[in-house]
Amino acid sequence: MRIATWNINSITARLPRLLAWLESSGTDVLCLQELKCAAEAFPTEQLRALGYEAAVHADGRWNGVAVVSRIGISEPVTGLPGGPDYDGLNEPRAVSATCAGVRVWSVYVPNGREVGHPHYDYKLRWLAALREAVRADAAAGRPFAVLGDFNIAPADEDVWDISAFEGATHVTAAEREALASLRGTGLSDVRPRPLKYDHPFTYWDYRQLGFPKNRGMRIDLVLGNAAFAGGVKDAYVDREERKGKGASDHAPVVVDLEV
DNA sequence: ATGTCCCTACCATAGGGA
């Protein structure tokens, strides 16, 4: 079974690439983030034509997540149970489903913007709610993983130059502790291999030639419980998908699972 | 070059977010 996660940065702008990539990569289950579309604008028919169905949580201009599967979708849960609001809104940042016996959450963790910004506090509270929401599934015997854009680099080597992140979000102790606390429910970081260079970065800023200079970050993660992690045969970042015109600023992380 | 791209508001460009 091939499972992947990809922050697609607008499913509308990326649709031709998405459909081509699903076919070329042979992905069975894809967790998507940053759909940036209304629920009714989700390309259900185009995906169905390729044999995929989807659990979608989207409400317009920002955020939006989905689980897309060609091996079945059951037990969908829309939204993060107990998740905090921001500016009075409960944003579409989490959706889960069970696909052929494997349970997955697709998550888009709040960015945080700046340390001390209300969005940063929101990010930490959102992660605490995620930890509680996954606790039972993480401890269970069936394969389970949380996949998505965590907007946190787990370690200093997960950014291109830690000195460039002085005082910035994504690398603070509090964010990393929130991530460690989430792993503490029984999840381990399935580290993908890079297809080029030394670090499995998953995101490169569009600005200032980030991708050509390999100024990347590993912020898209796969956290699996023992049954999931024990079945991983391979994992890699498909940096080819970050190339060329019309690419997302994130590359897919692909996991091959034997269950 | 503040070396980009996406969305929306509104119909050409500005603003917000990442």
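Naming: A, B, ... by sequence-line order, numbering from 1 per chain.
In this structure, of B:dA18, B:dG3, B:dC7, it is B:dA18 that holds the atom nearest to the side chain of A:R93. The side chain of A:R61 approaches B:dG15 more closely than any other nucleotide in the set B:dA18, B:dG15, B:dG17. Side-chain atoms of A:N111 lie closest to B:dA18 of the nucleotides B:dG3, B:dT8, B:dA18. Among the nucleotides B:dC7, B:dT4, B:dG3, the one closest to the side chain of A:R207 is B:dT4.
The shortest heavy-atom contact between A:L179 and A:L221 is CD2-CD1, 3.9 Å. Smallest separation of non-hydrogen atoms from A:G79 and A:P81: O-CD, 3.3 Å.
Aromatic ring centres of A:W6 and A:W21 lie closer together than 6.0 Å. A:Y122 and A:H119 have their aromatic ring centers within a separation under 6.0 angstrom.
The aromatic rings of A:H250 and A:Y203 sit tilted relative to each other, their planes meeting at an angle between 30° and 60°. Note: A:H199 and A:F201 have parallel aromatic rings, judged against thresholds of 30 and 60 degrees for the angle between ring planes.
Listed by residue number, the members of residues 13-24 of chain A with any heavy atom below 4.0 angstrom from DNA chain B are A:A13, A:R14. Scanning residues 241-251 of chain A for heavy-atom distances under 4.0 Å to DNA chain B yields an empty list.
When the C1' atom is compared between B:dC11 and B:dC7, the two are found 16 Å apart, to the nearest whole Å. A distance of about 15 Å separates the C1' atoms of B:dG16 and B:dT2, rounded to the whole Å.
Nucleic acid contact class of A:Y108 (heavy atoms, under 4.0 Å, all strands): sugar-phosphate only.
The shortest side-chain heavy-atom distance between A:R142 and A:T98 falls under the 4.5 Å cut-off.
In this structure, A:Y206 atom OH and B:dG16 atom C1' are separated by 16 Å, rounded to whole Å. What separates OH of A:Y86 from P of B:dG16 is a distance of 13 Å, to the nearest Å.
Inspection of the A:T202 and A:D220 side chains reveals an N or O donor paired with an N or O acceptor under 3.5 Å.
For B:dA18, one of the phosphate oxygens OP1 or OP2 lies less than 4.0 angstrom from a side-chain nitrogen or oxygen of A:R113.
Salt bridge A:K233/A:D256: absent, no basic N to carboxylate O contact under 4.0 Å.
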